[in-house]
K.L.:
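Please see the structure below; I have some questions.
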Amino acid sequence: QEIFMEYTLGLDFGTSTVKAALVERDGYNVNEEYSEPTQADIPSYVKGGHEQNINKIFLALEKVMNKFTREKLARVSSIGVCGQMHGIVLWKSKLLKPKA
């Protein structure tokens with residue numbers, strides 16, 4: 001008989017890569033982990049600034065999440081999220097393209 005394993009989903013939104021991991025609830029074992037480059041850098045109009053295309057970051061997240069099976073994602077009981085080191089992410093919600 002298979003033991004029903006619960007997972008914590010860890011998400012890391014970095015400036016160049018989105019990473020995701022399924023950690024077993026005991027907190028010691030990483031069951032699966034994936035990463036996807038964002039390739040989101042765009043020219044900044046601010047001297048010394050650094051900007052990124054938020055749509056490309058969300059696309060990288062979608063690609064990473066699609067690597068996990070639905071069965072394992074159905075066992076996620078908690079989610080932890082961390083973000084980029086220095087900065088904020090701003091976007092206009094109307095500019096995001098909703099999935100059909």
K.L.:
Hey, are the side chains of I57 and Q52 touching, using non-hydrogen atoms and a 4.5 Å cut-off?
P.N.:
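A side-chain contact under 4.5 Å exists here.
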K.L.:
Name all residues meeting the side-chain contact (heavy atoms from CB on, under 4.5 Å) criterion together with E33; count only those two or more places apart in sequence or in a different chain, and write none if there are none.
P.N.:
A21, V30
K.L.:
Taking only residues two or more places apart in sequence, or in another chain, which ones meet T8 in a side chain to side chain donor-acceptor pair (under 3.5 Å)?
P.N.:
R25, S78
K.L.:
Are V81 and Y7 linked, directly or through intermediate hydrophobic residues, by side-chain heavy-atom contacts shorter than 4.5 Å (ILVMFWY only)?
P.N.:
yes
K.L.:
Output the distance between atom CD1 (I54) and atom CG (L59), rounded to the nearest 0.5 Å.
P.N.:
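One gets 11.5 Å once the value is rounded to the nearest 0.5 Å.
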K.L.:
Check side-chain contact (heavy atoms from CB on, under 4.5 Å) between L9 and all other residues, then give those that pass, not counting sequence neighbours.
P.N.:
L11, A20, L22, M65, F68, V76, I79
K.L.:
Would you compute the distance between atom CE of M5 and atom CD of E24 and round it to the nearest 0.5 angstrom?
P.N.:
4.0 Å
K.L.:
Test of understanding: with side chain to side chain donor-acceptor pair (under 3.5 Å), list the residues that count as partners of E51, not counting sequence neighbours.
P.N.:
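In terms of side chain to side chain donor-acceptor pair (under 3.5 Å), with neighbours along the sequence ignored, E51 is linked to S44.
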K.L.:
Taking side-chain contact (heavy atoms from CB on, under 4.5 Å) as the test, write out the residues that go with S16, two or more places apart.
P.N.:
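None.
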K.L.:
Backbone N or O of N55 within a donor-acceptor pair of the N53 side chain at under 3.5 Å?
P.N.:
yes
K.L.:
Just how far is it from atom CG of D26 to atom CD of E6, taken to the nearest 0.5 Å?
P.N.:
11.5 Å
K.L.:
Hey, could you give me the CZ/CZ distance between R75 and R70, rounded to the nearest 0.5 Å?
P.N.:
15.5 Å
K.L.:
If every non-hydrogen atom of A60 is compared with every non-hydrogen atom of P37, which pair is closest and at what distance?
P.N.:
CB-O, 3.9 Å
K.L.:
So, using side chain to side chain donor-acceptor pair (under 3.5 Å) as the criterion, who are the partners of K67 when residues are at least two apart?
P.N.:
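Listed in chain order: E36.
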K.L.:
Going by heavy atoms in the side chains, are K72 and T69 under 4.5 Å from each other?
P.N.:
yes
K.L.:
Under 4.5 Å between side-chain heavy atoms, hopping through other hydrophobics if needed: is there a path connecting V23 to L61?
P.N.:
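Per the 4.5 Å side-chain linkage, V23 and L61 are not co-clustered.
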